[in-house]
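Have a look at the structure below before the remarks.
Heavy-atom basis, side chains included; hydrogens, waters and symmetry copies ignored. The chains referred to below are lettered A, B, ... by the order of the sequence lines, with proteins before strands, and numbering in each begins at 1.
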Number of protein chains: 2
Amino acid sequence: MAENKDRHESEPTAALRESSLRVTKQRVAVLAAVCDHQHADTETVIRAVREILPEVSHQAVYDSLHTLTEVGLVRCIQPSGSVARYERRIGDNHHHLVCRSCNLIVDVDCAVGQAPCLTPSHDAGFVIEQAEVTFWGLCPDCAVSAASSGSTEPASAV
Amino acid sequence: MAENKDRHESEPTAALRESSLRVTKQRVAVLAAVCDHQHADTETVIRAVREILPEVSHQAVYDSLHTLTEVGLVRCIQPSGSVARYERRIGDNHHHLVCRSCNLIVDVDCAVGQAPCLTPSHDAGFVIEQAEVTFWGLCPDCAVSAASSGSTEPASAV
DNA sequence: TTCGCTTCCTTGACTCATTCAAGAAAAGGC
DNA sequence: GCCTTTTCTTGAATGAGTCAAGGAAGCGAA
């Protein structure tokens, strides 16, 4: 228990200090929760944090997530039709596969090296900072279900 | 006025019929509004529709937008942190430039021909149907403001 | 043109993620 | 340990979007 907690706290604590943020147990817990639950939505983060700090307010979690996003310790992604989701993997240029059926999100490395699709055919005069690529489709499980049920609809069971 | 209205109604009407949808004045007006206001959010569409049909309900606009999206007459996009936005240009494989400062959205053609970034380095077993690419940056106006104010912050004036 | 079935629209209430605001509590430099 | 500043708690509010029921309109057939 204790060693588990220590393992979780040491890295987030160091990360907070490196970013010149005050180290509060709420922030440490939020950062650890995002580490443990990749692509978690805010509600999942709140539940995870409350396993360690039962009395934490949802506002503290929202504030922490915003602050951590601002300094770049976590990244916020929001596929169409989804609430905000957070991930700890940052800095590398990776993108996301999203399952249309079960909403599973999976990381994928960039297809074309470091700066993948960072070159639109015509940039309309924009100064481009970042390319965000989302692949929509069916995850392996849902694809199998759809195939075995003989249609592209997600299968209910069997 | 009248000819303007006719010009707007004839194309949407035909499009609705081709998609086997009932032609209602609400749907015609919604489709025309999306044509006239590329990347409009729902509120903008409602306002535009009410210039023609002052009594239209917001629910009718929501329903129409959903139906039109379902049959593929319009496309719904939702950049992170933005509400749903709709566009009439569909079928081609184009992507979007979004200005971080003023939220302007501009279409860009696909960088790599027809199926641009449709090949992630590792597909994790997903059956991929579509790649959605969003380029984040600064539009020409905001880039100029930022440069002339000597920082990357959006300039307030001057 | 009228009839009748089906789909669509209006009305009004509701959900839920997210934000706002004010005061209490905690972090961290001295 | 003290004091200032930042952060957290509490509680209410906002706003995009959804749900549900009944009335209205589209459109194919007669």
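Rounded to whole angstrom, the span from the CG atom of Leu21(B) across to the P atom of dT6(C) amounts to 18 Å. Nucleotide dT6(D) holds its C1' atom 14 Å from the CG atom of Leu16(A), rounded to whole Å. Atom CG in Leu65(B) sits roughly 14 Å away from atom P in dA16(D) (whole-Å rounding). If you take NE2 of His58(A) and P of dT7(D), they are 18 Å apart, rounded to a whole angstrom. The separation between Glu55(A) atom CD and dA26(C) atom P is 13 Å, rounded to whole Å. The interatomic distance linking Ile46(A) (CD1) with dC16(C) (P) rounds to 14 Å, in whole Å. Across the protein-nucleic acid pair, Asp63(A) atom CG and dC20(C) atom C1' stand 11 Å apart, rounded to whole Å. Gln78(B) places its CD atom 13 Å from the P atom of dA16(D), with the value rounded to the nearest Å.
The number of heavy-atom neighbours closer than 6.0 Å to CD of Glu70(B), taken from other residues, nucleotides and ligands shown, is 12 or below.
Contact check, Ser64(A) against dT7(D): no side-chain N or O comes under 4.0 Å of OP1 or OP2.
Of the candidates dC8(D), dT10(D), dA17(C), dA17(C) carries the atom nearest the Tyr62(A) side chain, counting heavy atoms from C-beta on. Set against dC8(C), dA27(C), dT9(D), the side chain of Arg22(B) has dC8(C) as its closest nucleotide. For Gln26(A), the side-chain atoms get nearest to dC8(D) when compared with the rest of dC8(D), dT18(C), dT11(C). Set against dC9(C), dC8(D), dT18(D), the side chain of Ala60(B) has dC9(C) as its closest nucleotide. Of the candidate nucleotides dT19(C), dT11(C), dT10(C), dT10(C) has the atom lying nearest to any side-chain atom of Val56(B). Each of dC9(C), dA16(D), dC8(D) was ranked by its minimum atom distance to the side chain of Ser57(B); first place goes to dC9(C).
Thr42(B) comes within contact range of the sugar-phosphate backbone alone, with a heavy-atom separation under 4.0 Å but no base atom that close.
With DNA chain D read from its 5' end, the first of the two nearest nucleotides for Val83(B) and Thr24(B) is the one closest to Val83(B). Of the two residues contacting DNA chain C, namely Gln59(B) and Arg27(B), the nearest-nucleotide position lying further toward the 5' end is that of Arg27(B).
No hydrogens or angles considered: a donor-acceptor pair under 3.5 Å links the side chains of Asp107(A) and His39(A).
Grouping the Ile, Leu, Val, Met, Phe, Trp and Tyr side chains by contacts below 4.5 angstrom, directly or via other members, places Val71(B) with Val30(B).
For the side-chain contact (heavy atoms from CB on, under 4.5 Å) with Ile128(A), the qualifying choice from Leu138(B), Leu97(B), Val108(B) is Leu97(B), the only one to do so.
We find the CG-CG distance between Leu68(A) and Leu16(A) to be 6.0 Å, quoted to the nearest 0.5 Å.
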